[in-house]
Every structure is written in C-alpha cells, then in structure tokens.
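Right, one structure below, let's go through it.
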Protein chains: 2
Amino acid sequence: MQFTKAEEYGVLGVIYLAEQGDNRIIPLSEVAESQGVPEKFLAKIFQNLTKASIVRSHRGIKGGFSLGKNPVKVTAREVIEAIQGPYNLIRCIGDPASCVKHPTCPVRFIIELAERSLLEVFEKYTIADLIGWKQEQLAS
Amino acid sequence: MQFTKAEEYGVLGVIYLAEQGDNRIIPLSEVAESQGVPEKFLAKIFQNLTKASIVRSHRGIKGGFSLGKNPVKVTAREVIEAIQGPYNLIRCIGDPASCVKHPTCPVRFIIELAERSLLEVFEKYTIADLIGWKQEQLAS
DNA sequence: CTCTTCTGCTTTTGTAAATTGCATGCCGAA
DNA sequence: TTCGGCATGCAATTTACAAAAGCAGAAGAG
Ligand code: SF4
Ligand code: SF4
C-alpha cells in the first residue's frame, strides 16, 4: 500500500499555489520547477484539479493556474480524490458483487475500517492547515 | 493507494488456519484451494509468516502449516507487516534523508498521521477478533 | 528408500504508475 | 490581426512493481 506520486505532486502543487497568495496566476512551468516534478505529469494532475475546480486555469500569455477555492475550505481529501478518484483500498469496496465472500469477509471488514480512518485524517486538514503547519515548522 | 493481494491472501490464510482450530496441520494446497488463490504465490507469503513465527511449517508427508501463535495474541498489523515489511505509505517515511524538504513538508506530515491511524486500526484487531466478527455475521 | 511437502531462488507475466510527445486550441499583448 | 506563450487532450512510451509460475533441492514421515 503506497501513496502515489500523482497524489503527492498534486497536493504539493496546490499548496504552492496557495502560498503565493492573492489568487495569483502561476504558470505550470514554475510550479513544476519549484517542486522538482516533471511538468507534463503535473499538467495531467492539474487538469483533474481544474475539473474539480480546486484550481482555475488561464490560457494565453501570462496564463497559468490560480486557486479556484479558498484554501481554508479545501480539505486534503478533496484534493486527493480529485486527482485519483474515490478511495478504494481494496477492489471489493464499492463493488460488493465482485466477491462472493463479501458479506462475511473479515478482511473486507478491517480494510473498510482502515479506509474510514484514513479518510478522516485527510478530511481533518485543509490546505490552509497544512500551510499553517509548515510555517510553524519554519518558525521553530 | 491499494491494499495488495499478498496482504489479503496472507490474512485470509492465517484466518483459515485458525478456523480449523487445535493447531491442526493443513497442507498449503488446501489453504490455497479453499481461498481460491494461487498456491505458489501463497507459498511465498507463508514463508514470510513462518519467519515471523506466526505460522509453523512442517515438511514431509502429512506436512503443511499450523498456527505458530495463539490467534488471540496476533494482531492484523503483525500479520500484514510480516508479509510485506514495515509500513511506509510514502518513500520519505523511514528515510528522512531521502528528501531535502522533509522537515517542513506538509505532505509528509499528513501522510505520517494517516499511516499512524491506519496502523492503529490494524493493531486493534487480532485474528481471533476477526474470526469472531465473521461468526457474528454468519449467525445473524 | 521414496513419496510428499515445504524452501529458496529465478524467471516470467501482467498491470498500473510515471513519464514523454505532439498536434491543437485558446488567450492576451502588441 | 497576428504572434508567442501557455493550457488541453489524447496517444504512446517507459518504468516499476505486483502477481504468478517454475524448478532444483532439502527435510520429514513412513
Ligand atoms: S476475499 Fe474479502 S477482501 Fe478479498 S475481495 Fe473478497 S470480500 Fe474483498
Ligand atoms: S516532498 Fe515531502 S512527501 Fe515528498 S518525499 Fe519530500 S518530504 Fe516526503
């Protein structure tokens, strides 16, 4: 079980945008370079974020991406699920019919609990919270 | 982020052994068939479980695997970590030196929290608990 | 002995993640 | 109204790792 790079890059990107403040428009190339991630890969991620209107895209010269929502109102879960769809730690979750053992399967039982507790964590922190935490670390 | 089949099969296998009770010795072929999983794959998984002495192996005719510990004392976390090593939801956890951003990285921060809460769930349930839950479901 | 079953190691296969490429569309500036 | 910068959309590729299969060898029971 591994957190994917797409998820990591996406969250880092959104945080970077938010840090620039004032809904400034930043070209993707700058975001990619600042985070040290491949630009084309990040492009695809940001397209998903755009669809979820977490960021807003601007074409043309002086174009780029700006925030689409107030970082105080965007949870990590929203960002992550915008990138890679709803969480399913195991294939049978969300599709009970895929396995005959489903109703009494202890593995499914514990994985569902695990997933729930994972999502709770991601829901608890907003982008603003994460930036706040980072500032704290820098200050101390 | 996905729970792997190795983890799933391993937990299912241990549960199956425990359900047979009395530390009976069961050949791997039976475990594999009962769970509908490839035997050679399960073999590798059980080798790891053997090293962690969660199960005990017996060679030769009438050989197979029996439980190595009381299911009341084995948590799901122990089983899972025996199979695939310690949990690292993201590469920088467990190796802080691998990334310069590490000390102030908000992504690492939230992933560490997520991992902790995941492990708490896995630690809360023993194999016996899981079997108990299954019985309940069957009864109702 | 010999048959059965695990053991360790190697190899193959399959699939999804991660990355790259390119033609196209849009926009703002000059 | 043209031009250059930048996002878009889709396709293709590469890489990585999970999943599975194979096989010679060791160990145990009878
Ligand atoms: S065996 Fe259990 S965990 Fe695996 S797919 Fe079926 S229900 Fe889900
Ligand atoms: S950027 Fe953050 S999450 Fe990614 S590797 Fe570095 S510390 Fe870990």
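Below, read A as the first sequence line, B as the second, and so on, with proteins coming before strands; counting in each chain starts at 1.
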Main-chain N/O of Pro103(B) paired to Arg108(B) side chain as donor or acceptor, under 3.5 Å: yes
Distance, rounded to the nearest Å, where Arg59(B) contributes CZ and dG25(D) contributes P: 14 Å
Proximal nucleotide (of dA20(D), dG28(D), dA18(C)) relative to the Thr4(A) side chain: dA18(C)
Backbone of Leu28(B) reached by a side-chain donor or acceptor of Glu39(B) within 3.5 Å: no
Atom-to-atom span, CZ of Phe65(A) to P of dC6(D) - whole angstrom: 12 Å
Nearest listed nucleotide, side chain of Lys40(B), among dT19(C), dT4(C), dA21(D): dA21(D)
Toward the 5' end of DNA chain D, by each residue's nearest nucleotide, Gln2(A) or Gly60(A): Gly60(A)
Touch class at under 4.0 angstrom, heavy-atom based, for Ala43(A) against every strand present: nothing
Heavy-atom donor-acceptor pair, Gln20(A) side chain to Leu17(A) backbone, under 3.5 Å: no
Backbone of Ala6(B) reached by a side-chain donor or acceptor of Lys44(B) within 3.5 Å: no
Proximal nucleotide (of dC23(D), dA7(D), dG4(D)) relative to the Ser57(A) side chain: dA7(D)
Atom-to-atom span, NZ of Lys44(A) to P of dC10(D) - whole angstrom: 11 Å
Phosphate OP1/OP2 of dA18(D): any Tyr9(B) side-chain N/O under 4.0 Å: no
OP1 or OP2 of dG8(C) under 4.0 Å from side-chain N/O of Gln47(B): yes
